[in-house]
Amino acid sequence: MYTQFNERKFKTLIKITKVIAKILFIFTIFSLVVILLSMIVVAALPKDVLTVDLSMVQHINVEIMNIQFRLSTTMFTGDVLLKNSLLLGLVAGAFYMVFFSYVVHQMGRILRDVSEEIPFSENNVKSLYNMSLAYIVGGIVLPIFLALFSWQFIHAAGIAEASVSYSMHTNMIAGGILIWILASIFQYGAFLQGEVDQTV
Amino acid sequence: MMKIIVRLDRVLADRKMSLSELAERTNITIVNLSNLKTGKVKAIRFSTLEAICVALKCQPGDILEYETE
């Protein structure tokens with residue numbers, strides 16, 4: 001049974017994590033703003049400004065699961081119009097940033113309550129359930145935007161040999177399920193906390 | 001509906017003691033004593049009951065009453 005608890009160490013850990021969460025949140029919001037502004041700029045630019053001549057490219061390296069593939073230049077057919085690919089890439093990036101900022105915001109709320117010595121609050125239970133839902137939905141929806149971007153890119157680059165398939169981020173979904181279980185444990189903790197709070 | 005009624009106000013009135021004075025004597029916060037008096041608590045520790053009985057020089061049965069309907 002754990003009878004020893006280093007409160008000072010725990011409070012220091014929570015303080016540091018709170019600062020990191022705040023910095024991460026500011027970073028994700030800043031990134032989201034940059035992405036949104038970039039989308040406006042890219043949408044406003046004429047198509048011929050965003051073209052790349054891939055015939056000058058010697059080779060392109062692609063890494064899949066720690067294996068590096070060298071793609072032949074014969075795959076690429078000269079000028080590539082990047083505007084739509086860039087826009088879809090930025091849309092995918094924006095949705096990823098929205099997901100990260102939401103998760104970090106929920107984490108910040110949890111850490112705030114923990115620092116106020118109320119770890120098993122109803123707000124923390126809600127935040128954990130929200131985080132788990134975000135991970136599960138993100139694991140299903142976010143790869144759609146990635147697949148769309150990849151499809152647009154290979155379509156624009158004229159790579160006939162390539163195809164795009166959709167696959168869920170199963171590790172995100174598994175993480176979401178784990179957080180859901182943790183949220184249920186915290187919900188029980190909140191119930192027990194309520195019982196203790198109503199005991200004099 | 002709670003069937004255990006706390007008669008703390010009655011005993012306090014008999015002893016001519018205020019809630020704040022009882023809080024001082026028992027080291028229990030006024031908020032907790034107020035919640036106890038108004039029946040907003042779900043449970044009471046024996047240590048709390050003992051402290052109140054010592055301060056009011058009474059028995060637990062003087063403070064707690066079971067209401068049969």
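Sequence lines set the chain letters: A, B, ... in the order given, protein chains first and strands last, and positions in each chain run from 1. Side chains are part of it too, since the values below use all heavy atoms of this structure and drop only hydrogens, waters and symmetry mates.
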Here the gap from B:Arg10 atom CZ to B:Ile63 atom CD1, rounded to the nearest 0.5 Å, amounts to 12.0 Å

So which residues of residues 52-61 of chain B are in contact with chain A at a heavy-atom cut-off of under 4.5 Å?
none

Count the heavy atoms belonging to other residues, nucleotides or ligands that lie under 6.0 Å from CE of A:Met107, then report whether that count exceeds 12.
no

Atom CD1 of B:Ile30 and atom CG of B:Leu36: how far apart are they, to the nearest 0.5 Å?
13.5 Å

Neighbour count >12 (heavy atoms, 6.0 Å) for atom CZ, A:Phe95
no

Counting only heavy atoms from other residues, nucleotides and ligands, does the tally under 6.0 Å from CZ of A:Phe5 exceed 12?
yes

Less than 3.5 Å apart and able to act as donor and acceptor by atom type: which atom pairs between chain B and chain A qualify?
unit_1, atom_1, unit_2, atom_2, d
B:Lys42, N, A:Gln198, O, 2.7
B:Lys42, NZ, A:Glu195, OE2, 2.9
B:Ala43, N, A:Gln198, O, 3.3
B:Ala43, O, A:Val200, N, 3.1
B:Arg45, N, A:Val200, O, 2.8
B:Thr48, OG1, A:Val200, O, 3.2

Salt bridge check: are B:Lys3 and B:Glu67 linked by an N-O gap of less than 4.0 Å?
no

Neighbour count >12 (heavy atoms, 6.0 Å) for atom CE, A:Met39
yes

B:Ser18 and B:Leu12: which non-hydrogen atoms are nearest, and at how many Å?
O-CD2, 4.0 Å

Is B:Ile44 close to chain A through its backbone or its side chain, or both, or neither, when contacts mean heavy atoms under 4.5 Å?
both

Do B:Glu21 and B:Lys16 sit within salt-bridge range, that is, some charged N less than 4.0 Å from a carboxylate O?
no

Rounded distance [0.5 Å steps], CZ in A:Phe153 versus CG in A:Leu86
10.5 Å

